[in-house]
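Below: one structure, written as structure tokens.
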Amino acid sequence: MRSSKMRALLDIFRVETSDAELNRAQFRSFSRQMPLLYAILVCNALAITFTSFDPAQAIKTFVTPATMCALAISRAFWWWRQTDPDRLSDAQIVDYLKRTCTLAVLMTMSFEIWCIWVYQSADYYARSSLTFFLGLTEVSTVFCLMALRAAAMRVAVVSTFSFAFYFSWADGGRLLPQTLVLCCVCAGMMVVTQSYNRSFSALILSQRNLRMRQHETEKLSEENRRIAFSDPLSGLPNRRELLTRLDRLETRCDLPPDSLAVIFIDLDGFKAVNDEHGHHAGDALIRSVCLRLSQHCPSSATLARVGGDEFAVVLEAPDAQATALKLARAMLEEISLPVLVDRHVLQVGGSIGIAANVDAQGRPRELLRRADTAMYHVKTRGKGQVAIYDPGFDEGRLRRLEIESQIGSGLNHDEFDVFYQPIVDARSGAIVSAEALLRWPRRPQGPLQPDEFIDIAEATGQIHPLGLYVLERACREIGPLGNLKLSVNVSPAQFRDPAFERQVCHVLEQTRFPPERLQFEITEGYLLANPERVVSAVEAFKALGMSVALDDFGTGFTSIHYLRSYGFSHIKIDKSLLAGLAPGAKATMLVTGAITLACGLDMAVIAEGVETEAQADILRAAGCHELQGYLFGRPMPLAEFIKACEQSGRPIAEQRRLRAAG
Ligand code: C2E
Ligand code: CA
Ligand code: CA
């Protein structure tokens, strides 16, 4: 306990070297006062010389103080030049502090010894002024050194002790009161120095804390900026950053025509990847697409991820539109390459829109909107293409937005109907099945064909309630019609939806419709993008007793053999293939071959779009099982369809005669 107090006491005379920043601050603070200290010393030495000058003792009263003054002036000058401690290393600073402590004591001692030396031969008045100046020098030295505690303390103790040691007995002890006062002043100064030093250290510490906190705040705000303006998944600039850059371009009035283009990219089939392989796979795919797209981007272009599966490129080039078109085509090719993620080969496509500042209204932000509109146009025209913005696209987009907003209210206000188109047995001509087709006859703005709204409903997700509406209504209406089968179109979005199977079971239960009489039709396009999901969904519906047909066969590239592996029980030959059917024609050979192959694989073939007896004859001869088309009946309301069913049992020759007459 005692030794620790002793150590603490001794510590106040030591230079604390553990805190380099504190040392530097001490150095900075007292180095500014050092010239002042030396100036005081010189003034006091001059004052003493002035009062006690004796030409007979020139060495003592002139040469010595002159030498001391010269030394002090040179030191003052040296300190005056030390304006920037930041140029010194930590070790150099500690070295200077230690040297200052030693030098301060040496200087004080020399001054004091000189004073005592002069005192001995001085007269009464010189003596009294000498003690005054000596005391003053001591006090001012300690004050000037206050920032360097060790030096101030050492000077205070050494000078007071030597003063007291000499002046308490000099002149027969007549200076004892002054000595005592000086001792008290010295003790007071030591206390003040100590407390000043504590506050000084605390100030430096709090400054350091403040700086650290400021640094952290700056780092945090930099990080926030980075997060706010970049996409965390890909590291690419995000929409906000892209808009900022476009706004910066907006302020430039020196943009020549056709010097700036925006490319807007939207992935096709990305949602399916996410739904079927999970978000992890979706993220990996996005990262891969980003990486490959940025490799195609010239360094002068900005590639940004502006949405989940949307990207935009801002390109500055002399021939911007043509350059953008070339770049977009290369990007489209790149996007379509298959990627291996978690042992799955994933493949998506892209729809791309381009807009360049070819007219005066083509300001940078407007270009982004136009490129987006052009992309949207591609989306609605079968995807997988690049389109350059045309003002006509805006109209189409507006109409789509209008329809999109009307579908929901249409469902709520009973504006939709389901029509039925007969599917007949190729041999007997009897209606064996009905295809349910959606109609929107009571739309306040005028009726719309499914071609005009189905893909909008698919894009917006409204196909889910619409599809269920058709299924439910058709099951309810066709259910009572003997053992007639029912075909319902299912859109890819529904097929992808994991809840769909449960919803189908629920409808079958509610309407008591036997699953064996229900068939789903799904299009070939979806099949190519999502083979695994198709297999499992087809399996699930087959397990319920239903059958699944491949719709629009012939519009894609799938081989019949490949289709068999999906478990389809029927294929529907697309009406576009029937257009060229004539004896001996190439189209006839193609369709006949497809039918033969499908039959060989135990799949039933339905031909849709049959409009003429000639087509029906060729299809029948080729072995087609069922026929559908205007020849046998257009899509019609339920009441008409029931009537058609009642007449369909007639012999084939009579039916033919009736059709020819009708
Ligand atoms: P799809 O599934 O290929 O349906 C057959 C389309 O061909 C129907 O057009 C039908 O009216 C038409 N069609 C039938 N026979 C002939 C013919 O002999 N000649 C010609 N030129 N056309 C014929 P619709 O009713 O306009 O439907 C168009 C498409 O809309 C459908 O094509 C289907 O993809 C979709 N769709 C219709 N209703 C629904 C539905 O409830 N759900 C879903 N997801 N899609 C539906
Ligand atoms: Ca169909
Ligand atoms: Ca079709």
Side-chain angles (χ1 to χ4, degrees), residues 380 382 403 407 410-411 415-424 431 433-441 447-478 485-497 500 503-504 507 518-527 537 547-556 568 570-581 605-616 619 624 626-638 640-641 644 659:
T380 59
I403 293 173
I407 293 176
L411 259 176
E415 294 171 13
F416 291 97
D417 259 344
V418 178
F419 274 28
Y420 300 96
Q421 185 175 29
I423 299 174
V424 303
I431 298 176
S433 181
E435 178 174 3
L437 293 160
L438 189 58
R439 292 291 179 266
W440 195 354
L448 276 187
Q449 290 304 307
D451 285 342
E452 292 174 279
F453 66 86
I454 288 284
D455 62 337
I456 299 176
E458 272 172 3
T460 58
Q462 286 162 313
I463 194 70
H464 297 281
L466 266 184
L468 274 182
Y469 165 81
V470 174
L471 180 68
E472 217 251 20
R473 186 163 164 177
C475 285
R476 208 178 289 286
E477 292 181 343
I478 300 298
K485 290 172 93 179
L486 170 67
S487 251
V488 176
N489 293 288
V490 175
S491 96
Q494 289 175 278
F495 221 72
R496 263 199 315 259
D497 183 5
F500 183 54
Q503 290 163 346
V504 171
V507 170
L518 183 61
Q519 182 167 72
F520 280 154
E521 298 186 6
I522 92 154
T523 53
E524 193 176 346
Y526 174 58
L527 197 66
S547 59
V548 184
L550 180 81
D551 207 353
D552 299 347
F553 174 75
T555 54
F568 292 115
H570 295 66
I571 59 168
K572 273 187 98 164
I573 296 180
D574 192 68
K575 51 184 173 286
S576 60
L577 261 70
L578 269 58
L581 280 195
V605 182
I606 309 165
E608 72 172 16
V610 184
E611 293 182 356
T612 62
E613 294 289 355
Q615 286 172 336
L619 290 162
C624 193
E626 288 166 13
L627 306 174
Q628 173 186 1
Y630 293 167
L631 180 67
F632 308 103
R634 291 183 174 250
M636 54 191 100
L638 178 72
E640 266 180 53
F641 181 75
R659 280 202 294 268

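When a ligand or atom number is given, it counts from 1 through the structure's own listing order.
- Per-residue contacts place Glu611 under 4.0 angstrom from the following atoms of ligand 1 (heavy atoms of the residue considered): 17 (C), 18 (O), 19 (N), 20 (C), 21 (N).
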Any chance you could lay out the salt bridge (charged side-chain N to carboxylate O under 4.0 Å, His left out) test for Lys575 and Asp552, step after step, and finish with the verdict? CA-CA 8 Å; Lys575 51 184 173 286; Asp552 299 347; 5.8 Å; no

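- No heavy atom of Lys572 sits closer than 4.0 Å to any atom of ligand 1.
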Test side chain to side chain contact (heavy atoms under 4.5 Å, CB included) on Phe419 and Leu438; report intermediate values, then the result. CA-CA 6 Å; Phe419 274 28; Leu438 189 58; over 6 Å; no

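- Looking at Ile454 against ligand 1, only its side chain comes within 4.0 Å, counting heavy atoms.
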Mind running side chain to side chain contact (heavy atoms under 4.5 Å, CB included) on Phe453 and Ile463 for me, showing each step along the way? CA-CA 10 Å; Phe453 66 86; Ile463 194 70; over 6 Å; no

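- Distances below 4.0 Å separate heavy atoms of Pro635 from the following atoms of ligand 1: 11 (O).
- Side-chain atoms of Glu477 do not come within 3.5 Å of backbone N or O of Ala474 as any donor-acceptor pair.
- Within ligand 1, counting atoms from 1 as listed, the ones closer than 4.0 Å to a heavy atom of Gln421 are 10 (C), 14 (C), 15 (N).
- Look at Arg439 and you'll find a heavy atom under 4.0 Å from some atom of ligand 1.
- Among the backbone and side-chain atoms of Ser487, none of the N, O or S atoms lies under 3.0 Å from the Ca ion (ligand 2).
- Distances between N or O atoms of Val490 and those of ligand 1 include no value under 3.5 Å.
- Near Asp552, with a cut-off below 4.0 Å to any heavy atom, the atoms of ligand 1 are 3 (O).
- The part of Asp551 lying near ligand 1 is the side chain, judged by heavy-atom distances below 4.0 Å.
- Taking backbone and side chain together, Glu521 holds an N, O or S atom under 3.0 Å from the Ca ion (ligand 2).
- Near Val470, the atoms of ligand 1 lying under 4.0 angstrom from a non-hydrogen atom of the residue are 41 (O).
- Nearest heavy atoms, Pro635 versus Leu437: CG-CD1, 3.6 Å.
- The minimum heavy-atom distance between Ile423 and Ile606, with the atom names listed, is CG2-CG2, 4.0 Å.
- With a 4.0 Å heavy-atom cut-off, ligand 1 is reached by the side chain of Glu435 but not by its N, CA, C or O.
- Residue Gly467 places every heavy atom at 4.0 Å or more from ligand 1.
- For the pair Phe553/Asp574, no side-chain contact is recorded, criterion being any heavy-atom separation below 4.5 Å from C-beta on.
- Annotation for Val418 and Val470: closest pair CG2-CA, 4.1 Å, computed over non-hydrogen atoms.
- Residue contacts with ligand 1: Gln628 is excluded, as none of its non-hydrogen atoms falls under 4.0 Å.
- Within ligand 1, the atoms closer than 4.0 Å to a non-hydrogen atom of Glu608 are 3 (O), 5 (C), numbered from 1 in the order shown.
- Between the Ca ion (ligand 2) and the N, O or S atoms of Asp551, the shortest distance is to OD2.
- Ligand 1 has a nitrogen or oxygen under 3.5 angstrom from a nitrogen or oxygen of Tyr630.
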Would His570 and Gln519 count as a side-chain hydrogen bond (donor to acceptor under 3.5 Å, both in side chains) if you check the C-alpha gap in whole Å, the side-chain angles of each, and the deciding distance to 0.1 Å? CA-CA 9 Å; His570 295 66; Gln519 182 167 72; 2.8 Å; yes

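- Of the charged side-chain nitrogens involved, none lies within less than 4.0 Å of a carboxylate oxygen, so that Arg634 and Glu611 do not count as a salt-bridged pair.
- Taking the Ca ion (ligand 2) as reference, Glu435 places its N/O/S atom OE2 nearest.
- Taking all atoms of both residues into account, the shortest heavy-atom contact from Ser487 to Ser433 is N-OG, 4.3 Å.
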Run Phe568 and Leu550 through side chain to side chain contact (heavy atoms under 4.5 Å, CB included) and show every step you take. CA-CA 7 Å; Phe568 292 115; Leu550 180 81; 3.9 Å; yes

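- At a heavy-atom distance under 4.0 Å, no atom of Val418 approaches ligand 1.
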